[in-house]
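Inspection log for the structure reproduced underneath, given as structure tokens.
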Amino acid sequence: MAIQYKPGKEPHPKEHRLIFRNVDRVDWNPSMERFLAEGGYEQLKKAVTMEPKAIIEEVKTSGLRGRGGAGFPTGVKWTFIPPNNTKPVYLICNADESEPGTFKDRYIIHQDPHQLIEGMAISCFAVGAHMAYIYIREEFPEGAQILEKAIAEAHEKGFLGKGICGSNYDLEIYVHRGAGAYICGEETGLIESLEGKRPYPRIKPPYFPAALGLYMCPTIVNNVESLCHVKHILEMGGAEYAKLGTPRNNGTRIVCVSGDVQRPGYYEIQVGKVTMSEVIRDMCGGLKPGRSLKAIIPGGSSAKVLRADEVFKLKQPDGSVKELTIWDIPMDFDTIAQCGSMAGSGGVIVMDDTRSMAWVLNNLNNFYAHESCGQCTPCREGSLWMKKISDRIAAGNATPEDVQQLENVAYQIDGKTICAFGEACSWPTESFIAKFRGELIAQTDSGKQGKIFNRESQVAAAPLAATR
Amino acid sequence: MTLPPALLEKIDEAITHYPVSRRSAVLPLLHLIQHHFGYIEPEAVHFVAEKLELQPIQVLEVVTFYPGFRQTAPGKYHIRVCRTLSCAMAGSYELMESLCQATGIDRSHTDHHHPIAVSPDGKFSIEFAECLASCGSGPVCMVNDDFHEAITPDKTPGLLAKYQG
């Protein structure tokens, strides 16, 4: 029976809907009854009769890689819990969704909360957690309410609480709301926040969450989408799931497209089976009339920008070199990494020829300066310097030397901080300068020497809009 | 600051979610208090500290860190406009301008530490927020807990008309 989707929200024929199967369905709602009517919680019932190790093996076989940003194999992450552990184990669902350009977890939480709870409960059983938290960003107040209602419904039906589905396995899940800080998406920052503190990320080693996480106990932190995949891996079997996508880039993933395309939105694809061209030209309807492509950020704002006319030379296993244009890039993890960027969280931001790169970079630098937690000096000071310099460039008040200075600052942050925010904030600057140096320098004026322009950006930024 | 019994009940319930460490309840308690009073006043910091057996600074440092907590009263309707790239490309700076004009809000005195500006009649307040995670339907904004998509500047009057009470 074909699923009916709301008019205008039908999936593109090249999509493969697994996680988003129920998103935008005509006859769908987030209730327990609706979920049960389509085989909901059957996989949890099966899971509690299995050996936890067998579930972990299925997830490892599936090749599932984390959908939050780093792309680390989920099953492997789970095995990092020390084998001789005697402390309680925690599982945290990272629903902080805050990487600019990413908007997938929002729809899972709002429209299909039970899918997440079932995936979480299976994952908790597999890693031996009896207490789990969903860390949801504060800006999803409705999402938090929907999840709390879904958790209460699951309790009533015996899918959570004591003796789940007639087994002797107990599990409690609580919703924990953040308070608007991007750094809480970093797993150790998230843990600090859940402990009621400022979310200063912890240094690794020794604080790998799987060994020393929440309350210094083993803790698994997984993204919303990753946890939902676990339910489908159990349903299909790890080997069958691994047939989706391409080798080492298995399964489906949700690509979120925003910016200068005709139909921005979310598209669930088999990883690596669809190219950038198919996503942007076919699924999103291409660029706006009369416009041409200038640049793409392929995996959330922290991913390095790709220029439209770049030719990527990729070394093949047999030693040959394959040339790809930006349109040929398959939407996977490994090829995008080989092209010098990352698939990250799946947030694709498209910019056409009307965009000023100085303006775009300035917008991102404002974001990172605002969100740096301030723990490490290179990032705290550097992100603010980058913002101030790019404020000057975007406003036409910079000298040509400022571009060089901006690049120097970025390379002073990268690799010198406790958490990956250092890379996240410096990669945009490094890549925009590397690829659009001429355009940035053309916006400067050597006559501005010595005239420092440093107004607070939130005030300065309004007139900047005109330079876009 | 008087906390009604229903709120106290919710506070006590929230603390039970964290059987290992009461300190974990700092954020939930601050959320409950901010939701009720609109902002976190110094007395509330002391109340939460006492409730969770913490030093007041351990609560205050949380309040001052997170952009989601306010130390001053917002308007009756608090607007958060997404400032980040995709929404900015779709026109969120123009939306901010338009909302400020329509509500008579002057943002010239705002900065990183004081991001909120309130309208002269106290009915509306506004601030820029960083990425609200709906990049495909920008520009987006929130009014209190309500989320609004594709609010181009021309939709400002329609949006504000929903909040006239």
Side-chain angles (χ1 to χ4, degrees), chain A residues 88 97-103 105-106 131 133 137-142 172 174-182 193-199 214-215 217 256-260 264-266 297 301 347 349 351 355 359-360 363-364 366-367 369-371 373 456 458-459 461-462 464-465 468, chain B residues 17-28 30-31 34-35 52 54 58-59 61-69 80 82-94 96-97 100 107-112 115 127-138 142 144-147:
Chain A
E97 179 153 82
S98 44
E99 178 73 18
T102 319
F103 48 101
D105 301 341
R106 166 188 285 281
M131 180 97 81
Y133 292 97
R137 61 180 304 186
E138 178 258 345
E139 294 88 340
F140 289 175
E142 196 190 344
E172 293 295 341
Y174 295 112
V175 175
H176 183 95
R177 294 180 65 202
Y182 171 74
S193 177
L194 189 46
E195 290 185 359
K197 305 173 197 162
R198 285 186 165 198
L214 185 63
Y215 311 130
C217 294
C256 313
V257 188
S258 61
D260 300 319
Y266 37 80
I297 299 173
S301 66
I349 306 173
M351 286 155 275
R355 300 294 171 190
W359 180 86
V360 170
N363 186 287
L364 293 178
N366 270 273
F367 174 80
H370 186 265
E371 298 299 335
C373 80
E456 272 291 320
Q458 296 215 326
V459 184
L464 290 184
R468 195 150 30 101
Chain B
H17 297 184
Y18 309 96
V20 177
S21 165
R22 290 169 79 85
R23 187 172 180 180
S24 281
V26 170
L27 268 74
L30 290 173
H31 275 308
Q34 179 166 286
H35 194 260
L52 300 178
L54 299 170
Q58 293 174 307
V59 179
E61 67 172 5
V62 169
V63 174
T64 56
F65 183 93
Y66 291 92
F69 294 127
R80 290 189 277 182
C82 179
R83 191 209 63 82
T84 319
L85 187 56
S86 301
C87 279
M89 290 202 290
S92 63
Y93 279 97
E94 291 83 348
M96 174 60 94
E97 285 266 330
C100 285
R107 289 186 72 243
S108 60
H109 59 281
T110 60
D111 61 33
H112 179 82
E127 68 178 316
F128 264 132
E130 297 300 341
C131 192
L132 294 176
S134 190
C135 317
S137 56
M142 292 178 75
N144 293 345
D145 280 355
D146 305 341
F147 179 69

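Order of the sequence lines sets the chain letters (A, B, ...), proteins ahead of strands, with each chain counted from 1. The model shown is predicted, which means the values in this text are computed figures rather than measured ones. Any value given below was found using the heavy atoms of this structure, including those in side chains, with hydrogens, waters and symmetry copies removed.
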Sort A/C373 into side chain, backbone, both or neither according to what part of it lies under 4.5 angstrom from a heavy atom of chain B.
both
Could you tell me which portion of B/H31 (side chain, backbone, both or neither) has an atom closer than 4.5 angstrom to a non-hydrogen atom of chain A?
side chain
Quick one about B/S24 and A/Y133 (side-chain donor to acceptor, distance below 3.5 Å, no hydrogens or angles considered), yes or no?
no
Heavy-atom side-chain proximity of B/E130 to B/P67 below 4.5 angstrom
no
Of all the heavy-atom pairs spanning A/P100 and B/C135, show the shortest one and how long it is.
C-SG, 4.3 Å
Residue from A/L364, A/L194, A/I297 scoring the most non-hydrogen pairs under 4.5 Å with chain B is A/L194
Side chains of A/F103 and B/S137 in contact at under 4.5 Å (non-hydrogen atoms):
no
Heavy-atom pairs under 4.5 Å with chain B: which of A/E371, A/E172, A/M131, A/R137 has the most?
A/R137
Specify which of A/C256, A/P88, A/S258 makes the most heavy-atom pairs with chain B at under 4.5 Å.
A/S258
Non-hydrogen atoms of chain B under 4.5 Å away: do they reach the side chain of A/Y215, the backbone, both or neither?
side chain
Do you know which of B/L30, B/V26, B/D145 has the most heavy-atom pairs under 4.5 Å to chain A?
B/D145
What option among A/S98, A/G180, A/G259 has the most heavy-atom pairs under 4.5 Å with chain B?
A/G180
Indicate whether any N or O donor in one side chain lies under 3.5 Å from an N or O acceptor in the other, for B/Y93 and B/R83.
yes
Most contact-rich option vs chain B, by heavy-atom pairs under 4.5 angstrom, among A/E195, A/R106, A/E97, A/E139, is A/R106
How many angstroms lie between atom CZ of B/F69 and atom CD of B/Q34, to the nearest 0.5 angstrom?
6.5 Å
What do the steps show when you test B/Y18 against A/H176 for ring pair (Phe, Tyr, Trp, His ring centres under 6.0 Å), and what is the final call?
CA-CA 10 Å; B/Y18 309 96; A/H176 183 95; 5.5 Å; yes
Region of A/V360 in contact with chain B, defined by heavy-atom distances below 4.5 Å:
both
With only heavy atoms counted, which part of B/R22 is less than 4.5 Å from chain A, the side chain, the backbone, both or neither?
neither
Under 4.5 Å from any heavy atom of chain B, what part of A/Y266 do you find: side chain, backbone, both or neither?
neither
Does B/E61 come within less than 4.0 Å of B/R23, counting only side-chain N to carboxylate O?
yes
Less than 4.5 Å apart, side chain to side chain, heavy atoms only: is that true for B/S92 and B/M96?
no
Part of B/L132 lying under 4.5 Å from any heavy atom of chain A
both
